[in-house]
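Here, residue 1 is the first one in the sequence, and each next residue gets the next number.
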Amino acid sequence: MLFETTYRGLFYAVKIESDACHWIGGYIPPNNGEVELADPGDSDDKTCMSGATWSFFVTFYIGPTFVQPTSPVSFESKLNAHGIFRISGASGDIDERLVQVGDVKANGAIYPQ
């Protein structure tokens with residue numbers, strides 16, 4: 001899912017990834033949706049979830065409406081609420097763990113080439 005910034009044609013995606021097990025990860029889903037990151041029935045996934053730490057990554061993308069500025073311009077993220085990561089089993093499990101990503105504070109400047 002690509003999220004808009006305040007500069008037309010500049011988008012970003014946010015990924016969460018387990019620091020211990022890099023195969024456990026995913027991108028923030030759209031519209032406050034939910035994505036499951038680990039299978040609690042998988043012994044490798046279950047082992048990785050014990051004491052897991054997580055990293056977030058932001059990647060910027062340029063869309064077809066992007067126009068290179070002729071002077072430096074600023075931009076920032078537009079949304080205050082993003083999707084939910086499920087880092088446990090099904091909804092209602094005893095050990096249910098959800099991570100909801102709220103504000104993603106991305107701001108910066110684009111400089112002409």
Side-chain angles (χ1 to χ4, degrees):
M1 171 69 191
L2 296 180
F3 298 99
E4 291 182 83
T5 67
T6 55
Y7 190 82
R8 192 175 74 169
L10 182 64
F11 302 90
Y12 65 97
V14 181
K15 182 179 183 183
I16 184 175
E17 186 176 282
S18 167
D19 292 331
C21 303
H22 297 289
W23 69 87
I24 298 177
Y27 288 89
I28 292 179
N31 304 321
N32 285 327
E34 184 179 300
V35 65
E36 185 175 297
L37 298 180
D39 178 359
D42 180 282
S43 60
D44 288 338
D45 285 5
K46 192 172 185 176
T47 299
C48 284
M49 296 306 294
S50 178
T53 58
W54 301 86
S55 292
F56 286 86
F57 302 91
V58 177
T59 307
F60 290 94
Y61 297 90
I62 295 173
T65 59
F66 180 84
V67 176
Q68 181 71 35
T70 56
S71 61
V73 295
S74 296
F75 68 90
E76 57 188 45
S77 57
K78 281 180 140 179
L79 290 179
N80 292 337
H82 294 75
I84 298 171
F85 295 106
R86 177 178 300 280
I87 55 174
S88 63
S91 180
D93 279 357
I94 292 172
D95 194 23
E96 181 178 12
R97 289 180 258 169
L98 300 176
V99 176
Q100 179 165 12
V101 179
D103 292 339
V104 173
K105 298 294 184 189
N107 59 50
I110 302 170
Y111 294 93
Q113 291 185 330

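- Checking side-chain atoms of T6 against main-chain N and O of E76 turns up a donor-acceptor pair under 3.5 Å.
- Atom CZ of F56 is separated from atom CD of E17 by 11.5 Å, given to the nearest 0.5 angstrom.
- Between G9 and T65, the shortest heavy-atom distance links the atoms CA-OG1, 3.3 Å.
- Rounding to the nearest 0.5 Å places CG of L10 at 12.0 Å from OH of Y61.
- By the side-chain hydrogen bond (donor to acceptor under 3.5 Å, both in side chains) test, E4 is found to be paired with no residue, residues two or more places apart in sequence or in another chain being considered.
- Between F60 and F66, a ring centre-to-centre spacing not shorter than 6.0 Å is recorded.
- By the criterion of side-chain heavy atoms lying less than 4.5 angstrom apart, applied directly or through intervening Ile, Leu, Val, Met, Phe, Trp or Tyr residues, F57 is not grouped with F3; the two fall into different hydrophobic clusters.
- Shortest non-hydrogen contact noted between A13 and Y27 is CB-CD2, 3.9 Å.
- A side-chain donor-acceptor contact under 3.5 Å links Y7 to the backbone of V67.
- Linking ILVMFWY residues whenever their side-chain heavy atoms come closer than 4.5 Å, directly or via other members, places W54 and V58 in the same cluster.
- L2 contributes atom CG, which lies 10.5 Å from atom OH of Y12 (distance to the nearest 0.5 angstrom).
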